[in-house]
Amino acid sequence: MAHVIFYEKPGCGGNARQRALLQAAGHTLTVRDLLGEPWTAATLLAFLEPLPVSEWFNRAAPRLKNGEVQPETLGRDDALALLLAEPLLIRRPLLQVGEERRVGFDTTAIAQWIGLEGAGDKDVSEDCPKGEEHRPCPPPTA
C-alpha cells in the first residue's frame, strides 16, 4: 500500500469520495488544504508540468463554467500566475506518492499507479457530485 499526500478543497464531496476510495484500498493519506497551501511556481509545476495547460484547471470552477476563464487560450506563464492567485481554479485532487505527483482523479490511472484493489465501487470521478442543477460551492473564506 502507498502513503498518499492528498491535496483537496476542504468540504468538497467529490474529494471526500476519492479519499474514501483510496483508504478502502488500504492506502494511508495525509490530507492537505489545496486552497491554503503556500504554493510557489516550482511546487505547483511539479504537479502540473507534464500536462497540457488546459488540463491544469478545475472544470467545475465557477469562473470556468461561466466562460470567464478559458484555459485553452492561456499560455503557460499566464495560466500558472492565475492558478497561484486563485487556487480554487486548480484541478483537484493533487496526489503525491514519494516523488511522483499526479493531478486529478482518473480511477483507471490510479489503479495502475498505486492500486485500488479491495476498494469496491471504483466509479469515482472528478465531477462535482452535486450535478449541474445545484449552486456551486461557496468560495473559501479567508
Side-chain angles (χ1 to χ4, degrees), residues 1-116 119-142:
M1 297 307 122
H3 181 76
V4 181
I5 300 174
F6 188 96
Y7 293 89
E8 69 172 1
K9 175 186 170 193
C12 173
N15 286 159
R17 289 189 350 262
Q18 295 157 355
R19 280 193 332 267
L21 185 70
L22 290 168
Q23 290 169 323
H27 302 295
T28 59
L29 277 66
T30 296
V31 178
R32 295 192 179 157
D33 179 352
L34 177 85
L35 306 179
E37 186 73 18
W39 296 109
T40 66
T43 59
L44 191 53
L45 278 173
F47 288 93
L48 303 174
E49 208 159 31
L51 300 172
V53 169
S54 63
E55 293 181 27
W56 294 2
F57 288 82
N58 172 12
R59 295 292 171 172
R63 291 188 64 203
L64 269 75
K65 289 176 89 170
N66 72 17
E68 185 179 340
V69 174
Q70 298 177 356
E72 292 75 18
T73 67
L74 296 172
R76 180 183 180 273
D77 293 340
D78 290 336
L80 184 58
L82 185 57
L83 294 174
L84 289 169
E86 295 183 54
L88 187 62
L89 299 176
I90 299 170
R91 182 176 168 199
R92 59 183 190 266
L94 299 181
L95 306 161
Q96 180 176 349
V97 174
E99 294 302 313
E100 190 167 350
R101 294 166 176 86
R102 302 279 177 109
V103 177
F105 205 87
D106 176 336
T107 53
T108 301
I110 291 172
Q112 292 172 351
W113 177 35
I114 57 173
L116 291 176
D121 181 15
K122 295 179 184 153
D123 188 22
V124 175
S125 71
E126 293 177 43
D127 297 332
C128 179
K130 294 180 181 178
E132 292 292 321
E133 67 278 1
H134 289 85
R135 291 179 303 167
C137 294
T141 55

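Remark: the backbone N or O of Leu51 is not paired with any side-chain donor or acceptor of Glu49 at under 3.5 angstrom. Judged by distance alone, with hydrogens and angles left aside, the side-chain atoms of Trp39 form a donor-acceptor pair with the main-chain N or O of Leu34 at under 3.5 Å. Side-chain atoms of His27 come within 3.5 Å of backbone atoms of Gly115 as a donor-acceptor pair (strictly under, hydrogens ignored). A distance-only check finds a donor-acceptor pair linking the side chain of Arg101 to the backbone of Glu99 [under 3.5 Å].
Side-chain contact between Ile110 and Phe105 is present, with at least one heavy-atom pair separated by less than 4.5 Å. Put simply, the side chain of Arg76 reaches to within 4.5 Å of the side chain of Leu45, judged on heavy atoms. Residues Leu22 and Thr28 form no side-chain contact, since every pair of their non-hydrogen atoms from C-beta on lies 4.5 Å or further apart. Side-chain contact between Leu64 and Asn58 is absent, with no heavy-atom pair separated by less than 4.5 Å.
Closest heavy-atom contact between Leu48 and Trp56: O-NE1, 2.9 Å. Heavy-atom minimum distance, Pro10 versus Asp33: CD-OD1, 3.3 Å. Of all heavy-atom pairs spanning Ala2 and Ile114, the tightest one is CB-CG2, 4.0 Å. Contact detail for Val69 and Pro71: the closest heavy-atom pair is O-CD, 3.5 Å. Heavy atoms only, all atoms of each residue included: Ala79 and Val53 are closest at CB-CG1, 3.4 Å. The two residues Met1 and Ala25 have their closest heavy-atom pair at SD-O, 3.0 Å.
In this structure, CZ in Arg19 is found 12.0 Å from CG in Leu95, a value given to the nearest 0.5 Å. Atom CZ of residue Phe57 and atom CG of residue Leu83 lie 4.0 Å apart, to the nearest 0.5 angstrom. Tyr7 contributes atom OH, which lies 5.5 Å from atom CD of Gln96 (distance to the nearest 0.5 angstrom). Annotation: the span from Asp106 atom CG to Trp113 atom CH2 amounts to 11.5 Å, rounded to 0.5 Å. A distance of 12.5 Å separates CD in Gln70 from OG in Ser54, rounded to the nearest 0.5 Å. Going from atom CG of Leu44 over to atom CD of Glu37 covers 10.0 Å, rounded to the nearest 0.5 Å.
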Dump the intermediate steps for salt bridge (Lys or Arg N to Asp or Glu O under 4.0 Å) on Glu72 and Arg59, then the final yes or no. CA-CA 12 Å; Glu72 292 75 18; Arg59 295 292 171 172; 2.6 Å; yes

Output, in order, the C-alpha distance, side-chain angles, deciding distance and verdict of side-chain contact (heavy atoms from CB on, under 4.5 Å) for Leu82 and Arg63. CA-CA 12 Å; Leu82 185 57; Arg63 291 188 64 203; 4.1 Å; yes

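Of the charged side-chain nitrogens involved, none lies within less than 4.0 Å of a carboxylate oxygen, so that Glu55 and Arg102 do not count as a salt-bridged pair.
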